[in-house]
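To start, the structure itself, in structure tokens.
For the numbers below, each heavy atom of this structure counts, side chains included, while hydrogens, waters and symmetry mates do not. Residue numbers start from 1 in every chain, and the chains themselves are labelled A, B, ... in the order their sequence lines are given, proteins ahead of strands.
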Amino acid sequence: MTTPLLRGLNPEQLAAVTLPHESALILAGAGSGKTRVLTTRIAHLIQSGLASPSGIFAVTFTNKAAKEMLARLAALLPINTRGMWIGTFHGLANRMLRAHHREAGLPALFQILDSADQLGAIKRLLKALNVDDEKYPPKQLQHFINGCKEEGLRAHMVEAFDPYSRKQRELYAAYDEQCQREGVVDFAELLLRSYELLQRETALRQHYQSRFRHILVDEFQDTNHLQYQWLKLLAGEQAAVFAVGDDDQSIYAFRGARVGNMADFERDFQVEKVIRLEQNYRSHGNILDAANALIRHNQSRLGKNLWTAEGSGEPIRVFEAHSDYEEAGFIVDEVKALQREGVPLSGIALLYRSNAQSRVLEHALFNAAVPYRVYGGLRFFERQEIKHALAYLRLIGNSNDDGALLRVINFPTRGIGARSLESLQEIARSEGISLWQAAQLKRMSGKAGATISAFTALIESMRETCAALPLPEQVEHMLDHSGLVAHYKSEKEGADRLENLNELINAAAGFELEHSAEDVDGAPDALTAFLTHASLEAGEHQAEAGQEALQLMTVHAAKGLEFHAVFISGLEEGLFPHENAAKERDGVEEERRLMYVAITRARRRLYISFADSRMLHGQLRYGIASRFLEELPPQLLKRINHSGAAQPMQQPAASSAATGASGWHIGQAVSHPKFGPGIIINSEGRGADARVQVSFSHAGVKWLALEYAKLEAS
DNA sequence: TTCCAACTGTTTTTT
DNA sequence: ACAGTTGGAA
């Protein structure tokens with residue numbers, strides 16, 4: 001038991017890593033060394049000869065997690081991890097479908113639609129079928145279709161008792177037909193197809209079942225119904241499934257995650273050992289005590305209590321601000337103080353419940369010249385210009401991809417207007433063929449026919465040239481000959497886009513370098529492999545990483561990360577827990593888990609702040625402290641105000657949005673001789689120009705000049 | 001085809 | 001507040 005691999009593991013970790021060949025559930029608390037256990041288990045199985053690298057199937061949710069697992073494994077063992085079945089659910093499903101595309105009923109060059117592509121496909125479908133998109137909103141339909149697929153249901157299996165549902169079901173069926181015709185597959189389809197493939201093809205199923213004797217699942221609490229069924233099918237009777245998860249960190253129920261899979265798993269796989277990893281190596285005691293106390297308020301839990309060998313550490317600092325503006329000011333000051341103490345900005349996180357909250361915070365940080373980096377938002381492969389470029393590439397790979405064709409047939413403009421397109425679509429529909437094939441028929445007359453022919457000829461010529469070129473040159477050739485580069489060169493604000501297109505060539509070069517020429521996850525050629533890569537991992541959330549900056553992100557985005565110091569902002573009822581959550585079943589419990597995740601991100605110092613008033617949707621809203629604050633043991637907290645004194649203040653801080661020395665402040669109750677009682681909700685200007693906005697109980701909202709209005713405090 | 005004004009919907013999000 | 005989308009006019 002003293003092989004170097006196992007050294008330094010605590011008893012629970014060791015037990016998990018060295019479990020015999022049986023299915024097990026590992027309840028891994030935050031900061032308990034989950035990834036280490038997972039990778040060490042794989043390494044242990046291989047090293048001790050209990051499994052060969054090819055007999056291991058390890059699945060994660062994100063590419064980041066998969067990459068980390070591979071990297072750590074490579075560091076533990078001198079083996080080639082390439083070719084091992086370690087990846088994301090979608091990545092592995094894709095690999096399986098590529099390998100058996102014929103049996104799965106897919107073309108060899110099938111392309112993957114991301115969410116935006118899928119939505120576009122649905123809009124196109126509705127238009128083609130003349131369906132009122134107000135009655136059947138595309139977004140809702142997308143949600144419906146994905147929901148069905150994630151339940152493992154094909155259109156014909158969906159129950160529908162009213163006309164509306166029947167229509168939805170019909171549209172689902174039509175959507176699947178359209179995808180099949182075009183040779184494209186959406187995210188949920190990757191999993192469903194691969195599930196059906198295993199279910200239908202007995203020999204194939206048995207092959208994989210006997211091959212993968214060890215299946216390891218990361219973040220098991222986030223699996224949805226289909227993912228669980230898929231794993232069950234793959235495991236068969238022989239495999240040992242090693243499921244690692246934390247029910248207290250389940251924060252994705254809103255997108256279909258079923259924590260219930262954990263209980264089902266215990267039953268379905270006759271799990272005898274539930275191992276709890278409760279020793280936390282990340283945070284000081286006070287932080288863990290707070291997290292434990294909070295999460296105890298949840299009813300449905302498997303039960304777990306984090307502890308640490310470290311001391312209690314500092315108290316949790318709680319700050320009540322008058323406004324979101326003042327809250328931001330407080331955070332800026334504290335960040336600067338931490339910086340002075342020598343804490344690097346990259347070790348500090350500023351978390352919020354919803355993205356909209358970042359604006360005020362960013363504003364304050366910008367004004368204070370504190371470098372920061374916001375996570376979330378547009379990713380590289382989701383940018384408009386990149387999407388256009390990828391559409392050209394997709395069309396080169398697969399001419400039947402109507403979505404790709406429609407995206408670029410008139411971009412840059414080639415004089416192919418709506419009329420020409422409509423007649424082309426008419427031909428395609430009546431013949432049951434793709435737009436490309438319809439264009440080949442050359443049935444269109446006159447100028448429209450000529451311009452369309454010119455387009456198909458262009459694509460054909462690019463296809464021929466590209467066939468002989470290495471991937472980066474293919475991309476470059478396409479960019480030059482499609483007219484994209486010329487188009488963005490002539491556009492006044494096209495410089496960034498040009499840069500991104502250039503970056504696409506680099507991305508292709510990097511991709512080719514990393515994945516040796518042939519056989520990337522079973523893709524038939526480099527271009528398809530690259531396009532798959534673009535769909536399956538849309539790239540970094542923000543381009544310039546590495547730079548020393550404060551880390552801003554939502555609590556969701558912070559899951560899995562840790563920081564020396566953490567600020568959790570906006571702890572108000574309605575915001576956190578979010579008001580919408582109260583309406584959903586178990587909504588508040590999920591919000592509480594979210595808060596639990598937020599707290600457990602902090603290693604040494606934790607700030608929690610809330611504001612009595614904040615701008616939301618363009619309106620000033622008054623809030624009260626979140627119930628989650630009351631659920632934290634008071635003895636762990638230190639309440640502070642802006643000046644650092646221990647008691648809450650009477651007067652607004654001088655730097656706040658209040659009207660300076662005039663004595664009025666936002667939130668103050670006032671009365672007016674004519675309008676009656678009200679509350680100050682906003683202010684602007686100074687001295688003689690000072691005005692306040694007052695929300696009167698009976699007279700509505702009004703702006704009043706302080707110099708003239710006879711306002712009285714009340 | 002292009003541009004601007006009006007309109008909308010704003011929790012969280014990976015693949 | 002604000003960004004993204006759409007519909008109509010130029």
Side-chain angles (χ1 to χ4, degrees), chain A residues 59-66 87-94 112-120 123 133-134 137-140 143 146 149-150 185-192 194 218-219 222-224 226-227 250-257 324 351-360 362-363 375-379 381-382 384 410-420 491 532-539 541 553-560 570 574-584 587-588 590-591 593-595 597-598 614-621 682:
Chain A
V59 62
T60 65
F61 274 86
T62 64
N63 292 297
K64 199 173 152 209
T88 63
F89 276 97
H90 295 85
L92 295 176
N94 169 65
I112 299 166
L113 301 184
D114 69 16
S115 308
D117 298 331
Q118 184 189 33
L119 187 62
K123 285 180 178 165
D133 61 1
E134 303 226 314
K139 283 229 177 72
Q140 207 178 300
H143 183 77
N146 290 336
K149 290 190 179 186
E150 280 163 15
V185 164
D186 62 52
F187 287 137
E189 183 72 21
L190 282 172
L191 279 161
L192 183 53
S194 136
D218 189 21
E219 304 278 16
D222 288 338
T223 51
N224 64 32
L226 179 58
Q227 285 158 345
S250 159
I251 55 173
Y252 287 112
F254 74 91
R255 66 170 198 217
D324 47 355
L351 309 183
Y352 34 81
R353 177 65 203 4
S354 59
N355 286 305
Q357 288 167 252
S358 77
R359 249 192 47 249
V360 183
E362 285 186 66
H363 186 79
Y375 288 78
L378 255 200
R379 293 146 90 201
F381 287 108
E382 292 169 352
Q384 184 212 106
N410 201 33
F411 191 96
T413 49
R414 310 189 160 82
I416 302 177
R419 308 158 292 289
S420 319
E491 207 172 57
T532 299
H533 163 81
S535 300
L536 248 32
E537 37 188 315
H541 250 309
M553 66 192 88
T554 63
V555 180
H556 282 92
K559 192 179 163 200
L575 237 203
F576 200 178
H578 196 276
E579 53 194 344
N580 294 355
K583 300 170 200 150
E584 285 156 37
V588 174
E590 176 145 324
E591 294 287 304
R593 291 193 291 268
L594 200 48
M595 183 64 187
V597 167
R614 78 169 60 240
M615 281 307 255
L616 201 63
H617 307 326
Q619 278 206 310
L620 195 74
R621 302 235 299 203
N682 205 351

Listed pairs, N/O of protein and of nucleotides 1-10 of chain B, under 3.5 Å:
{"unit_1": "dT1(B)", "atom_1": "OP1", "unit_2": "Asn410(A)", "atom_2": "ND2", "d": "3.1"}

Practice problem: In whole angstrom, give the distance that lies between atom CD of Glu219(A) and atom C1' of dT15(B). | Solution: 14 Å
Quiz item: How far, in whole Å, is dT13(B) from dG4(C) if one measures between their P atoms?
Solution: 16 Å
Practice problem: Starting from P on dT15(B), measure out to CG on Asp186(A) and report it in whole angstrom. | Solution: 16 Å
Under 3.5 Å, which protein N or O atoms sit close to an N or O of nucleotides 4-10 of chain C? Give each pair with its distance.
none

Practice problem: For Thr88(A) and for Ala356(A), locate the closest nucleotide of DNA chain B by heavy-atom distance; then report the residue assigned to the nucleotide nearer the 5' terminus. | Solution: Ala356(A)
Self-check item: Phe576(A) CZ to Leu594(A) CG distance, which is reported to the nearest 0.5 Å
Solution: 4.0 Å
Quiz item: Salt bridge check: are Glu382(A) and Arg379(A) linked by an N-O gap of less than 4.0 Å?
Solution: yes
Self-check item: Polar side chain donor-acceptor pair, Gln357(A) to Ser354(A), under 3.5 angstrom
Solution: yes
Practice problem: Provide, to the nearest angstrom, the distance between the CD atom belonging to Glu362(A) and the P atom belonging to dA3(C). | Solution: 11 Å
Quiz item: CG of Leu378(A) versus C1' of dT14(B): gap in Å, rounded?
Solution: 15 Å
Quiz item: Is the shortest side-chain N/O distance from Arg255(A) to OP1 or OP2 of dT15(B) below 4.0 Å?
Solution: no
Quiz item: Contact class for Gln227(A) vs. all strands (heavy atom < 4.0 Å): base, sugar-phosphate, or nothing?
Solution: nothing
Quiz item: Arg353(A) has a side chain; which of dA1(C), dT14(B), dT11(B) sits nearest to it?
Solution: dT11(B)
Quiz item: Ion pair present between Lys149(A) and Asp186(A), side-chain N to carboxylate O less than 4.0 angstrom?
Solution: yes
Quiz prompt | Atom C1', compared across dT5(C) and dT12(B): separation rounded to whole Å | solution = 23 Å
Self-check item: Phe254(A)-dT12(B) aromatic stacking (under 5.5 Å, under 30°)
Solution: yes
Quiz item: Hey, does Phe89(A) reach any base, or is it just sugar-phosphate, or nothing, if we go heavy atoms under 4.0 Å?
Solution: nothing
Quiz prompt | Side-chain N,O (Asn355(A)) to OP1/OP2 (dT12(B)) below 4.0 Å | solution = yes
Quiz item: Just how far, in rounded Å, is C1' of dT13(B) from CZ of Phe187(A)?
Solution: 11 Å
Self-check item: 5′-ward residue of the pair Leu594(A)/Ala188(A) relative to DNA chain B
Solution: Leu594(A)
Practice problem: Let me see the working for Ile112(A) and Asn94(A) under side chain to side chain contact (heavy atoms under 4.5 Å, CB included), right down to the final yes or no. | Solution: CA-CA 9 Å; Ile112(A) 299 166; Asn94(A) 169 65; 3.7 Å; yes
Quiz prompt | Carboxylate-amine/guanidinium proximity below 4.0 Å for Glu219(A) and Lys559(A) | solution = yes
Quiz item: Taking all atoms of both residues into account, what is the closest heavy-atom pair of Phe381(A) and Ala534(A), and its distance?
Solution: CD2-CB, 3.6 Å
Self-check item: Listed partners of Glu590(A) passing salt bridge (Lys or Arg N to Asp or Glu O under 4.0 Å), at least two apart
Solution: Arg593(A)
Quiz item: Within less than 4.0 Å of OP1 or OP2 of dT13(B), is there a side-chain N or O belonging to Ser115(A)?
Solution: no
Quiz item: Tell me: CD1 of Ile251(A) to C1' of dT13(B), nearest whole Å?
Solution: 10 Å
Quiz item: Can Phe254(A) and His578(A) be said to form a ring pair (Phe, Tyr, Trp, His ring centres under 6.0 Å), step by step?
Solution: CA-CA 13 Å; Phe254(A) 74 91; His578(A) 196 276; over 10 Å; no
Quiz prompt | Length of the CD-P vector between Glu537(A) and dT14(B), whole Å | solution = 13 Å
Quiz prompt | Ring centers of His90(A), Phe61(A) separated by less than 6.0 Å | solution = no
Quiz prompt | Of the listed nucleotides dA1(C), dT15(B), dT13(B), the one nearest the side chain of His556(A) | solution = dT13(B)
Quiz item: To the nearest angstrom, how far is Leu119(A) atom CG from dT14(B) atom P?
Solution: 17 Å
Self-check item: Sidechain N-carboxylate O distance under 4.0 Å for Arg353(A), Glu591(A)
Solution: yes
Quiz item: Given the C1' atoms of dA3(C) and dT14(B), what is the spacing between them in whole Å?
Solution: 23 Å
